[in-house]
Amino acid sequence: MKKVLLALLMAMFSLSGCDQKTAQKLRVAEQRVTELESELAILRTQNANLPFPALQVEIVEFFNRSETVNAEQVPTVEAQVSVSRAKTGVEWLDLLLLKEAVLHFRIDEVDLYPFTEKKVIEFFNDLFEENKYFAKRENMTHFDDVRFSYVGQRHHIVTFKLQRYGYAGGASTSGYEVYVNVDTNKKAVIRPEDLVAEVNAEKLWALLDKYDEKQNGEDSDLKLSDGYYRQATYSFYFTEYGVNFVLSPQLEVKVPYNELRTIMNQAYFPKALE
């Protein structure tokens with residue numbers, strides 16, 4: 001930037017000759033450009049250190065397609081895909097949450113780069129066409145429903161709940177819910193391995209066993225189905241007192257911060273307790 005400005009200034013002054021007065025003006029201009037660059041660098045540093053603003057979140061419909069299908073053996077069945085989204089007013093965060101919704105249908109995201117809202121809509125359109133095809137072929141309703149809700153914000157961590165429901169036959173719908181914690185400093189979702197590193201996994205499970213027994217009794221599902229839960233991916237969310245680990249819709253274990261102090265990522269440990 002400095003070189004460009006100086007080149008323009010020199011071109012302007014060259015029209016009247018490079019006398020002593022012109023040289024003085026050039027030196028003053030060069031000094032001012034240097035000052036402006038320093039001020040810009042300071043502003044950038046200050047903006048980077050500003051706290052993330054309090055969010056005003058609105059839950060709105062993002063995608064909704066449904067159709068009555070003439071099946072092969074029954075008169076009509078339904079095909080549907082409906083998706084809500086969280087609108088935060090922060091562009092990168094809104095897109096990150098949409099990406100998280102897609103990842104609950106497919107892990108391979110290579111085709112989605114660069115990630116855009118248009119590609120998300122294309123993805124859910126394809127999912128709808130798939131549901132329509134199977135509804136007709138299998139003579140039963142097929143639907144998928146994804147909903148977001150806003151949980152809260154704690155410093156640089158904002159938390160949402162994602163609920164997914166679906167039906168593709170059987171006596172009832174299937175579904176689950178997970179918590180989506182976003183680190184606004186890193187502009188990324190906090191995964192379980194980001195919260196507690198793999199090297200500390202055994203210590204975490206020991207704590208989960210301990211507090212599960214305290215909270216749910218000796219006949220707790222966690223102890224009885226120990227191997228199953230260790231293979232599953234858990235969800236979690238932060239509270240004022242600790243981290244709540246959600247291992248299934250029926251099993252949630254609350255572990256206080258003081259027990260997690262030595263094993264959890266210090267970037268997410270409350271500063272007031274440090």
Side-chain angles (χ1 to χ4, degrees), residues 57-151 158-182 189 191-192 221 225 228-229 231-235 237 246-252:
V57 180
E58 183 182 8
I59 306 300
V60 300
E61 182 179 275
F62 174 71
F63 182 93
N64 194 351
R65 281 189 68 186
S66 63
E67 187 176 321
T68 301
V69 180
N70 292 320
E72 295 177 358
Q73 298 176 17
V74 295
T76 59
V77 292
E78 294 290 325
Q80 183 179 16
V81 173
S82 59
V83 182
S84 76
R85 70 178 301 182
K87 290 283 286 183
T88 67
V90 181
E91 186 177 356
W92 68 261
L93 179 55
D94 291 352
L95 199 57
L96 182 67
L97 293 171
L98 280 180
K99 181 178 179 181
E100 197 66 15
V102 171
L103 291 180
H104 279 267
F105 289 91
R106 57 178 292 179
I107 297 175
D108 179 15
E109 49 183 303
V110 175
D111 313 354
L112 299 174
Y113 283 116
F115 198 85
T116 63
E117 285 193 16
K118 182 181 178 182
K119 288 191 175 181
V120 177
I121 292 172
E122 290 173 355
F123 171 81
F124 285 117
N125 268 321
D126 290 344
L127 180 64
F128 172 74
E129 293 298 331
E130 186 178 300
N131 280 357
K132 191 164 69 169
Y133 168 78
F134 282 107
K136 182 175 182 178
R137 195 185 78 170
E138 298 176 359
N139 307 294
M140 62 181 65
T141 291
H142 280 247
F143 79 82
D144 286 286
D145 180 88
V146 179
R147 307 173 193 174
F148 274 98
S149 57
Y150 178 53
V151 177
V158 289
T159 302
F160 300 83
K161 183 191 288 184
L162 183 154
Q163 297 170 296
R164 180 187 170 186
Y165 299 95
Y167 181 79
S172 61
T173 61
S174 60
Y176 59 85
E177 61 183 40
V178 296
Y179 289 89
V180 180
N181 301 283
V182 179
V189 174
R191 305 295 180 190
D221 285 343
S225 305
Y228 167 77
Y229 285 111
Q231 293 174 13
T233 299
Y234 60 82
S235 176
Y237 61 96
V246 183
L247 294 113
S248 78
Q250 296 79 33
L251 182 58
E252 183 171 319

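On a predicted model such as this, the values are computed, not experimentally measured, just so you know.
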Enquirer: Can you establish whether the number of heavy atoms outside Glu91 located under 6.0 Å from its atom CD is more than 12?
Expert: no

Enquirer: Out of curiosity, Thr159 OG1 to Tyr179 OH, how far, rounded to the nearest 0.5 Å?
Expert: 9.5 Å

Enquirer: Return the minimal non-hydrogen interatomic distance between Phe63 and Ile121, and the atom names on each side.
Expert: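 For Phe63 versus Ile121, the nearest heavy atoms are CE1-O, 4.0 Å.
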
Enquirer: Can you give me the closest heavy-atom contact between Gly89 and Asp94, atom names plus distance?
Expert: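 Heavy-atom minimum between the residues: N-OD2, 3.7 Å.
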
Enquirer: I'd like to know if the side chain of Asn131 and the backbone of Gln80 have a donor-acceptor N/O pair within less than 3.5 Å.
Expert: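 At least one qualifying donor-acceptor pair exists.
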
Enquirer: Atom CG of Asn181 and atom CZ of Phe160: how far apart are they, to the nearest 0.5 Å?
Expert: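 It comes to 10.0 Å.
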
Enquirer: At what distance, to the nearest 0.5 angstrom, does CG of Leu98 lie from CZ of Phe123?
Expert: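 Interatomic distance, Leu98 CG to Phe123 CZ, rounded to 0.5 Å: 12.0 Å.
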
Enquirer: Within the structure provided, determine whether Lys99 and Lys119 are in side-chain contact (heavy-atom separation under 4.5 Å).
Expert: no

Enquirer: Can you tell me how far apart OG1 (Thr88) and CZ (Phe148) are? Round to the nearest 0.5 Å.
Expert: 11.0 Å

Enquirer: Can you name the closest pair of heavy atoms from Ala135 and Glu78 and give their distance?
Expert: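 Answer, listing the atom of Ala135 first, then Glu78: CB-O, 4.0 Å.
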
Enquirer: So which atom in Ala101 and which in Leu162 form the shortest heavy-atom distance, rounded to 0.1 Å?
Expert: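 Looking at all heavy atoms of both residues, the shortest contact is CA-CD1, 3.9 Å.
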
Enquirer: Is there a donor-acceptor pair under 3.5 Å between the side chain of Arg164 and the backbone N or O of His104?
Expert: yes

Enquirer: Kindly indicate whether the side chain of Val180, heavy atoms from C-beta on, has any atom under 4.5 Å from the side chain of Val189.
Expert: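 In short, these two side chains touch, coming nearer than 4.5 Å.
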
Enquirer: Below 4.0 angstrom, N of the basic side chain to O of the carboxylate: do Glu100 and Arg191 qualify?
Expert: yes

Enquirer: Would you say Glu252 and Tyr237 are linked by a side-chain donor-acceptor pair, where the criterion is simply a distance under 3.5 Å?
Expert: yes

Enquirer: Any side-chain heavy atom of Leu97 within less than 4.5 Å of one from Phe62?
Expert: no

Enquirer: Drop me the distance from Phe115's CZ to Leu96's CG, to the nearest 0.5 angstrom.
Expert: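 Reported value, rounded in 0.5 Å steps: 8.5 Å.
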
Enquirer: Can you tell me how far CG of Leu127 sits from CZ of Phe105, rounded to the nearest 0.5 angstrom?
Expert: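 Answer for the CZ-CG pair, Phe105 versus Leu127, is 5.5 Å.
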
Enquirer: Does a side-chain heavy-atom distance below 4.5 Å link Phe128 with Asp144?
Expert: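 No. Closest side-chain heavy atoms not under 4.5 Å.
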
Enquirer: Scan Glu58, Glu61, Glu117 and name whichever one has a salt bridge (Lys or Arg N to Asp or Glu O under 4.0 Å) with Arg85.
Expert: Glu117

Enquirer: Ser82 and Asn64: side-chain hydrogen bond (donor to acceptor under 3.5 Å, both in side chains), yes or no, with the steps?
Expert: CA-CA 4 Å; Ser82 59; Asn64 194 351; 5.0 Å; no

Enquirer: Ignoring hydrogens, what is the shortest heavy-atom contact between Ile59 and Ser84? Give both atom names and the distance.
Expert: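 Looking at all heavy atoms of both residues, the closest pair is CG2-OG, 4.0 Å.
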
Enquirer: Would you please name every residue forming a salt bridge (Lys or Arg N to Asp or Glu O under 4.0 Å) with Glu67, sequence neighbours left out?
Expert: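 Salt bridge (Lys or Arg N to Asp or Glu O under 4.0 Å) check on Glu67 returns Lys132.
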
Enquirer: Who are the salt bridge (Lys or Arg N to Asp or Glu O under 4.0 Å) partners of Lys87, not counting sequence neighbours?
Expert: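 Checked Lys87 against salt bridge (Lys or Arg N to Asp or Glu O under 4.0 Å); zero matches.
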
Enquirer: Could I get the full list of salt bridge (Lys or Arg N to Asp or Glu O under 4.0 Å) partners for Glu122, not counting sequence neighbours?
Expert: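 Scan of Glu122 (salt bridge (Lys or Arg N to Asp or Glu O under 4.0 Å), adjacent residues dropped) gives none.
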
Enquirer: Does any part of the side chain of Val151, heavy atoms only, come nearer than 4.5 Å to the side chain of Lys161, both counted from C-beta?
Expert: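 Counting from C-beta outward, Lys161 and Val151 do come under 4.5 Å.
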
